Structures are given as C-alpha cells and as structure tokens.
2 protein chains.
Amino acid sequence: MLRGATLRVTRPRLSVLSTVHAQPHLDTDSIIGLVRADLGDVSHQAVYDVLRALTTAGLVRRIQPTGSPARYESRVGDNHHHVVCRSCGAIADIDCAVGEAPCLTASDDHGFTIDEAEVIYWGVCPDCSTATHIDTAHTDPPRKDSRV
Amino acid sequence: MLRGATLRVTRPRLSVLSTVHAQPHLDTDSIIGLVRADLGDVSHQAVYDVLRALTTAGLVRRIQPTGSPARYESRVGDNHHHVVCRSCGAIADIDCAVGEAPCLTASDDHGFTIDEAEVIYWGVCPDCSTATHIDTAHTDPPRKDSRV
DNA sequence: GTACTTTCTGGAATCAGTCAAGAAACGGGG
DNA sequence: CCCCGTTTCTTGACTGATTCCAGAAAGTAC
C-alpha cells in the first residue's frame with residue numbers, strides 16, 4: 001500500500017496508517033499517543049511528517065472542522081462528508097443525498113474553477129442530545145475541547 | 001446597529017464593524033492593521049474581543065477554511081457559502097443553487113440533529129488560473145499562506 | 001554490503017488565539 | 001452635567017497546534 005504510493009516503508013508509517021484505518025476521525029494528538037503505545041518512542045514530528053506524506057499521497061484524508069485540531073480518516077476517493085457535534089465534537093460520516101458530486105453546481109462561480117465541494121453539517125449527536133434533554137436550548141455550546 | 005444588539009458603542013467596535021463591512025473575508029491580522037490605521041493604537045486583544053462579541057451577536061459571520069486563520073464578513077442571515085482559491089486563498093461568496101437550505105437532507109444523519117450545513121468550494125480563482133496558464137497542472141498548491 | 005537518499009530525532013521557534021489583572025470608557029440615574 | 005457600576009480595553013504572559021532546522025538513523029538501489 002505504501003509502496004504503491006512510492007513511499008518508503010517505515011515502522012512509524014505502518015503504525016500511523018493502521019491506526020487511522022482502525023479508528024476514523026482521530027486528532028493528531030490521539031494518533032501520536034496510539035502510535036507510541038504501539039512502537040514506543042516516536043517523535044511527534046515524525047507523526048506530523050507521516051500524516052502529511054500520507055495525505056499528499058492520497059492514502060488518508062485530512063479534515064479540520066472550525067475550532068478543532070486536524071483529524072484524519074482512511075475513507076478516501078469516495079465523495080462523503082461529515083456531521084460534527086457542536087457539543088462534544090464527535091464526527092460521523094455522511095453520504096450526501098445529492099449523489100456523486102453534491103452541490104458542485106454553484107449558482108455563480110465568480111469565474112473560479114471549482115474542483116471540490118466540502119460539506120460540514122453542524123448539529124448535536126445522539127448522546128449529547130439525550131444528555132442535555134432537560135434543557136436543550138440554553139447550554140452554551142463549547143464548540144472547542146473536542147475529543148472523540 | 002450596535003445598540004440594537006445591546007452592545008456598548010465604542011471606538012474599536014465601530015471601527016471593526018465598518019472595516020468588516022467595507023471588505024469582506026478579511027483575516028484577523030488584516031482587520032487589526034486596518035483598525036489601527038483608523039484609530040491609532042488598539043490592542044489585538046480588543047479586536048479579538050470585539051470580533052467575538054459581534055459574531056456572538058450575529059452582526060458578523062466568522063469563516064475559517066482549513067489552513068487559513070479566521071476571517072469575517074458582514075453578510076449574515078442569508079444562507080450563502082464560499083469558494084476558496086487553493087492557490088492564493090482568495091474567497092468569494094456563493095449562493096447555493098439548491099435554495100434556502102442546501103444539502104440539509106443528508107442521506108443518513110446517524111441520529112444527529114442537524115441545524116446547519118456549511119459548504120466550502122475549493123478551486124482556483126480567475127487570477128491564479130490565468131497566471132499559471134502555461135502549466136495548469138503541476139504547480140504544487142500552497143494551500144496555506146492565504147492572504148487576500 | 002555500500003552508498004545515497006529519505007525519514008526520524010530532538011529541540012527550538014512560529015502562529016493564532018486565549019487568559020488574567022488592572023485601567024479606562026460607556027451610559028443610566030440623580 | 002457629573003457620578004457610579006459595569007463593560008470593555010490595555011498590557012503582557014501563556015497555551016496548543018504546527019512547523020523549521022540540523023544532525024543521526026534507517027530504507028533502497030546497485
């Protein structure tokens with residue numbers, strides 16, 4: 001898989017790749033933690049480098065909802081989007097109803113050559129929704145501190 | 001306008017508000033610069049505070065494409081989205097073709113209560129498109145360093 | 001196995017934004 | 001028009017996420 005992308009096969013890369021495959025939507029810190037649990041000492045720099053290399057090679061996808069650190073997932077190539085919980089930051093995948101390339105038909109593209117439409121749905125996940133059932137409205141949403 | 005939102009009228013607020021109205025999609029740094037040019041010394045902290053206050057009050061909207069610092073615009077209330085140039089970071093407004101609430105019909109919402117769909121189109125702006133006309137394909141896109 | 005290149009280590013540095021304490025400014029009541 | 005209480009601004013330190021750098025180590029091709 002790495003070789004297919006003309007990338008050298010190293011322990012950190014293998015570990016990061018399998019971590020991202022095992023759990024989608026992990027943030028960088030969590031990935032560093034899991035990789036270290038797997039391999040022992042690995043510099044954070046190495047993980048950042050690996051994630052960038054994998055992202056560039058198209059083996060993983062990087063997502064970064066506003067107010068959240070970068071997250072990575074292994075579902076690539078298909079056109080799917082994400083729902084983000086305003087309360088706890090949980091992320092889930094969404095296949096857009098519109099089909100292959102949703103919303104790519106902008107009404108007026110201002111001359112831009114558009115190649116991708118990125119959609120982020122904002123809402124509240126089932127867990128948080130039931131947790132704050134008594135007072136659904138006035139809990140000022142953290143929007144940060146996300147940690148899946 | 002500020003009074004309407006139960007906000008005290010101060011010089012920094014007036015300046016920030018008119019700056020954001022004058023030029024949409026400015027990043028925080030640029031706003032600080034323009035406000036200082038207008039008023040003299042103003043602390044960056046004040047601008048951050050003002051921007052947050054205005055955002056919370058719904059007088060301005062905050063947008064933050066991946067890899068770019070926060071930007072602000074005065075078009076609020078309507079449902080519009082943005083195109084971002086991969087090359088120079090320029091941003092333009094887009095009224096989604098689907099109508100009022102585009103793409104809000106996710107195929108499977110995983111139990112989330114969705115209240116907003118945020119769409120960001122990625123592409124290349126007319127300027128960059130003509131500038132790199134000779135070699136349209138292999139200019140590795142900076143994706144950062146955006147500065148409108 | 002050896003040489004060359006890419007990648008990883010360790011540490012410092014940057015960038016965007018937040019926190020905290022005290023000073024200054026706003027605006028309602030006298 | 002001035003005073004007072006609250007909100008907002010100033011100053012300056014600080015955090016979190018990410019990047020930059022130089023040298024050491026590990027992959028790969030021959």
Side-chain angles (χ1 to χ4, degrees), chain A residues 1-17 25-33 35-36 38-57 59-60 62-72 89 140 142-148, chain B residues 1-17 25-33 35-36 38-57 59-60 62-72 89 140 142-148:
Chain A
M1 190 162 182
L2 287 166
R3 283 184 221 282
T6 332
L7 289 172
R8 290 190 174 177
V9 181
T10 68
R11 303 184 126 278
R13 284 182 176 175
L14 289 170
S15 183
V16 168
L17 199 49
H25 313 137
L26 285 178
D27 60 60
T28 316
D29 250 18
S30 309
I31 294 174
I32 293 175
V35 169
R36 285 194 176 144
D38 180 21
L39 299 182
D41 279 352
V42 179
S43 65
H44 65 141
Q45 181 61 32
V47 177
Y48 276 103
D49 283 354
V50 170
L51 285 171
R52 180 161 16 178
L54 295 179
T55 305
T56 308
L59 294 182
V60 306
R62 176 188 173 130
I63 55 182
Q64 188 168 8
T66 299
S68 164
R71 286 151 187 285
Y72 297 85
D140 50 0
R143 298 191 176 200
K144 300 281 189 119
D145 300 15
S146 41
R147 188 132 308 201
V148 178
Chain B
M1 189 159 181
L2 286 166
R3 287 185 219 279
T6 334
L7 289 171
R8 289 191 176 178
V9 181
T10 67
R11 303 183 127 280
R13 284 181 178 175
L14 289 170
S15 184
V16 167
L17 199 47
H25 312 139
L26 286 178
D27 62 59
T28 315
D29 251 17
S30 310
I31 294 174
I32 292 175
V35 168
R36 286 195 175 142
D38 180 20
L39 299 182
D41 278 352
V42 179
S43 65
H44 66 141
Q45 181 62 25
V47 178
Y48 276 104
D49 283 354
V50 170
L51 285 171
R52 180 160 17 175
L54 295 179
T55 304
T56 308
L59 293 182
V60 305
R62 174 188 173 130
I63 55 181
Q64 186 168 9
T66 298
S68 163
R71 286 150 187 286
Y72 297 85
D140 49 359
R143 301 194 173 197
K144 299 283 188 116
D145 301 19
S146 40
R147 189 130 313 202
V148 176

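Please read all numbers here as calculations on a predicted model, not as lab measurements.
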Got a list of protein N/O to nucleotides 10-13 of chain D N/O distances below 3.5 Å?
residue	atom	partner	partner atom	Å
dT10(D)	OP2	Ser43(B)	N	3.0
dT10(D)	OP2	Ser43(B)	OG	2.7

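Thr28(B) has a side-chain polar atom (N or O) that falls below the 4.0 Å cut-off from OP1 or OP2 of dG17(C).
The distance between atom CD1 of Ile32(B) and atom P of dT18(C), rounded to the nearest whole Å, is 12 Å. Taking atom OH of Tyr72(A) as the reference point, atom P of dA17(D) lies 13 Å away to the nearest angstrom. Whole-Å rounding puts the Asp29(B) CG to dC15(C) C1' distance at 9 Å. Distance, Gln64(A) CD to dA16(C) P: 13 Å, rounded to whole Å. A straight line from CZ of Arg36(A) to P of dC8(C) spans 14 Å, rounded to a whole angstrom. dT18(D) atom C1' lies 13 Å from atom CG of Asp27(A), rounded to whole Å. Remark: C1' of dT18(C) and CZ of Arg62(B) are 11 Å apart, rounded to the nearest angstrom. Between the CG atom of Leu14(B) and the C1' atom of dC9(D) there is a distance of 14 Å, given to the nearest Å.
Within the 4.5 Å cutoff, the side chain of Ile32(B) has no heavy atoms near those of the Val42(B) side chain.
Residue-level contact check: Ala70(A) touches the backbone only, with heavy atoms under 4.0 Å from sugar-phosphate atoms and none from bases.
The minimum heavy-atom distance between Arg8(A) and Arg13(A), with the atom names listed, is O-NH1, 3.1 Å. The shortest heavy-atom contact between Pro12(B) and Val50(B) is CB-CG2, 4.3 Å. Counting all heavy atoms, side chain and backbone alike, Val60(B) lies closest to Leu51(B) at CG2-O, 4.3 Å. Between His25(A) and Arg71(A), the closest heavy-atom pair is O-NH1, 2.8 Å.
Put simply, the side chain of Arg62(B) never gets that close to the backbone of Ala70(B): no donor and acceptor are under 3.5 Å apart.
Using five terminal pairs a side, the axes of the helix from dG1(C)-dC30(D) to dG30(C)-dC1(D) at its two ends make an angle of 30°, given in steps of 10 degrees.
With sequence neighbours excluded, the residues that form a side-chain hydrogen bond (donor to acceptor under 3.5 Å, both in side chains) with Ser15(A) are Asp38(A). Legend: residues meeting side chain to side chain contact (heavy atoms under 4.5 Å, CB included) with Arg52(A), ordered by chain and number and at least two apart, are Asp49(A), Thr56(A).
Counting only heavy atoms from C-beta on, Arg52(A) has its side chain closest to dT19(D) among dT19(D), dT8(D), dA16(C).
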With sugar-phosphate taken as primed atoms, P, OP1 and OP2 and all else as base, the protein-contact string of nucleotides 25-30 of chain D at under 4.0 Å (heavy atoms; B, S, -) is -BBS--

